[in-house]
Undergrad: 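Handing you this structure, nothing more for now.
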Number of protein chains: 2
Amino acid sequence: MSSSVQRKRIRKSPEARRAEIVETAARVALTEGLECITLRRIADELAVRPGLISHYFPSAEDLVAEAFSVASTGELDALLPAERPHGTPTQYLARYFALSAGDAYDDISRLWINARHLSRYRPVLRDRVAEQELASDDRLQAVIQDGVDSGEFRTDDPRAAAIQILVVIDGLGAHASTDRSNRPEAVTRMAVTTAERVLGLPYGALTEVPALTEPTPARAEPTPTVDSPDPS
Amino acid sequence: MSSSVQRKRIRKSPEARRAEIVETAARVALTEGLECITLRRIADELAVRPGLISHYFPSAEDLVAEAFSVASTGELDALLPAERPHGTPTQYLARYFALSAGDAYDDISRLWINARHLSRYRPVLRDRVAEQELASDDRLQAVIQDGVDSGEFRTDDPRAAAIQILVVIDGLGAHASTDRSNRPEAVTRMAVTTAERVLGLPYGALTEVPALTEPTPARAEPTPTVDSPDPS
DNA sequence: GATGCTATTGAGTGTGCGACCAATAAGCAA
DNA sequence: TTGCTTATTGGTCGCACACTCAATAGCATC
């Protein structure tokens with residue numbers, strides 16, 4: 001056998017193939033960057049020909065935007081799930097900050113920087129970025145609102161509180177490609193400190209917290225096929 | 001005359017030509033992005049042939065890195081000069097925040113996002129980004145130290161204070177390509193608020209301040225070497 | 001005005017990209 | 001088994017990019 005060149009073509013349903021393409025692109029976006037989503041790259045990954053990717057995404061820009069949305073949504077769900085049946089708002093928030101400070105968060109930080117930069121040139125992506133920003137704001141605001149309702153947090157503007165926290169997280173994440181080893185503790189802890197301040201919590205309230213009773217998986221499985229609605 | 005094709009070549013000293021190239025690249029970086037620094041693009045700006053750019057920068061990556069450094073240094077000097085003979089630390093700091101909140105700052109925010117993203121792939125640029133980050137930290141720290149010495153500010157870790165302020169500014173700047181029109185006031189004001197907090201100042205101390213006696217120019221003139229014919 | 005140094009050109013190489021489309025064959029239905 | 005729909009291929013086009021190098025010509029110097 002001279003080599004591994006694909007001999008037999010495999011024919012899949014458009015829905016399955018499309019989902020497969022988007023998933024692959026999302027993975028590439030997260031690990032290597034949005035500009036690595038090229039027709040050839042994704043095609044290689046799936047052992048098909050570039051033309052097939054074009055067939056599903058006549059404009060490559062749409063695939064990039066879709067990949068970002070999928071990756072970003074998946075990460076958000078992993079960090080701060082929409083359903084929170086296994087703990088208090090304080091616990092979920094504490095978990096959120098713990099994850100945000102970990103090395104694993106660097107990929108997400110990089111993805112956001114990547115998307116924010118690239119959206120300068122790509123209108124389709126720009127819309128998706130704005131959409132995902134809103135989703136992040138909403139998600140965090142919801143947790144805060146829950147905490148306010150339960151009396152754990154105190155703020156008269158949960159949305160402003162959420163955005164302020166996210167601004168700090170973005171600011172800390174900006175350096176995801178650079179060395180951050182010798183940052184002062186006050187800086188490392190900035191996100192938590194900000195949250196404690198805007199939510200009327202005492203120092204340590206978000207770091208010294210019992211873990212969730214039934215820990216949600218660190219990474220949600222990305223909804224195995226079947227659906228995946230139409231992108232742009 | 002069929003057209004404007006360059007007829008006569010102009011021979012300049014290597015130093016002058018090199019400076020011209022870097023200046024042009026820095027301007028392009030600031031207005032259009034670092035990936036628009038291509039041999040052809042810069043050559044067109046200067047009405048020379050691409051090969052000449054290669055002659056001065058055998059690796060284009062070096063030009064990109066150099067352009068970023070020059071642009072970034074220039075902007076830092078415009079925002080927060082190293083020499084501050086015409087006012088108090090409070091005044092210079094207030095001016096810094098005023099400029100940072102203006103629309104003109106968007107170009108700089110975008111440049112930083114651009115550089116932070118691109119440095120993921122370009123080691124030379126990465127080093128320059130780290131270097132310029134340090135320069136920003138140092139510059140702000142110096143102003144804070146002056147203010148502490150004069151009794152205007154109060155903090156026991158000027159560097160940590162500086163970095164915290166910059167993290168917030170970075171976080172706010174992350175959205176420079178997106179719409180930010182309907183941000184809560186608390187968010188818009190975050191950088192100033194942070195500064196007032198970490199420097200032990202009352203609310204408004206950095207916004208209600210008399211202007212500098214001899215206002216430094218908002219933008220330093222880039223040494224108009226007689227020529228510079230065509231902006232794109 | 002002639003000479004020499006070298007800044008600058010012109011022409012070319014190879015790579016990777018998105019996009020396009022007629023031809024092909026997989027797999028379902030009859 | 002046959003036929004048909006259409007998912008998939010293979011090939012091609014044009015463009016933009018960085019990089020190379022021998023040939024050319026500006027200009028300072030004599």
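Bear in mind the structure is a predicted one, so any value in this text is a computation, not a measurement. Lettering follows sequence order; numbering is per chain, from 1.
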Undergrad: Mind calculating the distance between CG (A/L39) and C1' (C/dT15) to the nearest angstrom?
TA: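 My rounded result for the distance is 16 Å.
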Undergrad: Find the distance A/K12:NZ to C/dA26:C1' and express it as a whole number of Å.
TA: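 Taking atom C1' of C/dA26 as the reference, NZ of A/K12 is at 14 Å.
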Undergrad: Give the rounded distance in Å between these two atoms: CZ of A/R41 and C1' of C/dG16.
TA: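 To the nearest whole Å, that distance equals 14 Å.
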Undergrad: Would you mind reading off the distance between B/I10 atom CD1 and D/dA28 atom C1', rounded to a whole angstrom?
TA: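 Taking atom C1' of D/dA28 as the reference, CD1 of B/I10 is at 17 Å.
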Undergrad: Any N or O donor-acceptor pair linking the side chain of A/R40 to the base of C/dG18 at under 3.5 Å?
TA: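 Check passes, donor-acceptor contact within cut-off.
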Undergrad: Could I get the full list of side-chain contact (heavy atoms from CB on, under 4.5 Å) partners for B/A60, not counting sequence neighbours?
TA: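 For B/A60 the side-chain contact (heavy atoms from CB on, under 4.5 Å) partners, ignoring immediate neighbours, are B/L39.
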Undergrad: Strictly below 4.0 Å, heavy-atom distances to any atom of DNA chain C: list the hits from residues 51-66 of chain B, or just say none.
TA: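 Of all residues in residues 51-66 of chain B, the ones placing a heavy atom under 4.0 Å from DNA chain C are B/G51, B/L52, B/H55, B/Y56.
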Undergrad: Distance from A/L140 atom CG to A/Y92 atom OH, nearest 0.5 Å?
TA: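 If we round to the nearest 0.5 Å, A/L140:CG and A/Y92:OH are 15.0 Å apart.
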Undergrad: If you find the nucleotide of DNA chain C closest to B/P50 and the one closest to A/T38, which residue's nucleotide is nearer the 5' end?
TA: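 That would be B/P50.
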Undergrad: Report the distance from atom NZ of A/K8 to atom C1' of C/dA25, rounded to the nearest whole Å.
TA: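 Distance check: A/K8 NZ to C/dA25 C1' gives 8 Å.
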Undergrad: Please say whether the positively charged group of B/R18, taken as NZ for Lys or CZ for Arg, lies over the ring of B/F57, i.e. under 6.0 angstrom from the six-membered ring centre and within 45 degrees of the axis.
TA: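 B/R18 over B/F57 ring: yes.
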Undergrad: Does any N or O in the side chain of A/R120 come within less than 3.5 Å of the main-chain N or O of B/S177, such that one atom is a donor and the other an acceptor?
TA: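 Such a contact is absent between A/R120 side chain and B/S177 backbone.
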Undergrad: Could you list by number each residue of residues 114-124 of chain B showing a heavy-atom separation from DNA chain D of less than 4.0 Å, or answer none if no residue does?
TA: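 Residues of residues 114-124 of chain B that come under 4.0 Å of DNA chain D do not exist, since none gets that close.
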Undergrad: At under 4.0 Å, does any side-chain N or O of A/R49 touch on OP1 or OP2 of D/dG10?
TA: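 Yes, within the criterion.
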Undergrad: Taking 4.0 angstrom as the limit, do B/R128 and B/E133 come out as a salt bridge?
TA: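 No.
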Undergrad: Rounded to the Å, how far apart are B/E35 CD and D/dC17 P?
TA: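 Rounded to whole Å, this separation is 12 Å.
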Undergrad: Would B/R110 and B/D107 pass as an ion pair if we require N to O under 4.0 Å?
TA: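 B/D107 and B/R110: salt-bridged.
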Undergrad: Is it true that B/E32 and B/R27 have a side-chain N and a carboxylate O under 4.0 angstrom from each other?
TA: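 Result for this pair is no, no salt bridge flagged.
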Undergrad: Taking it one step at a time, do B/D106 and B/R180 satisfy salt bridge (charged side-chain N to carboxylate O under 4.0 Å, His left out)?
TA: CA-CA 11 Å; B/D106 279 4; B/R180 289 146 292 162; 2.9 Å; yes
Undergrad: In whole angstroms, how far is the P atom of D/dA7 from the CG atom of A/L46?
TA: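 It is 16 Å, rounded to the nearest whole Å.
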Undergrad: Does D/dT8 have OP1 or OP2 under 4.0 Å away from a side-chain N or O of A/R17?
TA: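 Affirmative; the distance criterion is met.
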Undergrad: B/I42 CD1 to C/dT8 P: how many Å, rounded?
TA: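 Answer to the nearest Å: 16 Å.
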Undergrad: Would B/Y105 and B/W112 count as a close aromatic pair, with their ring centres under 6.0 Å?
TA: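 Between B/Y105 and B/W112, the centre distance exceeds or equals 6.0 Å.
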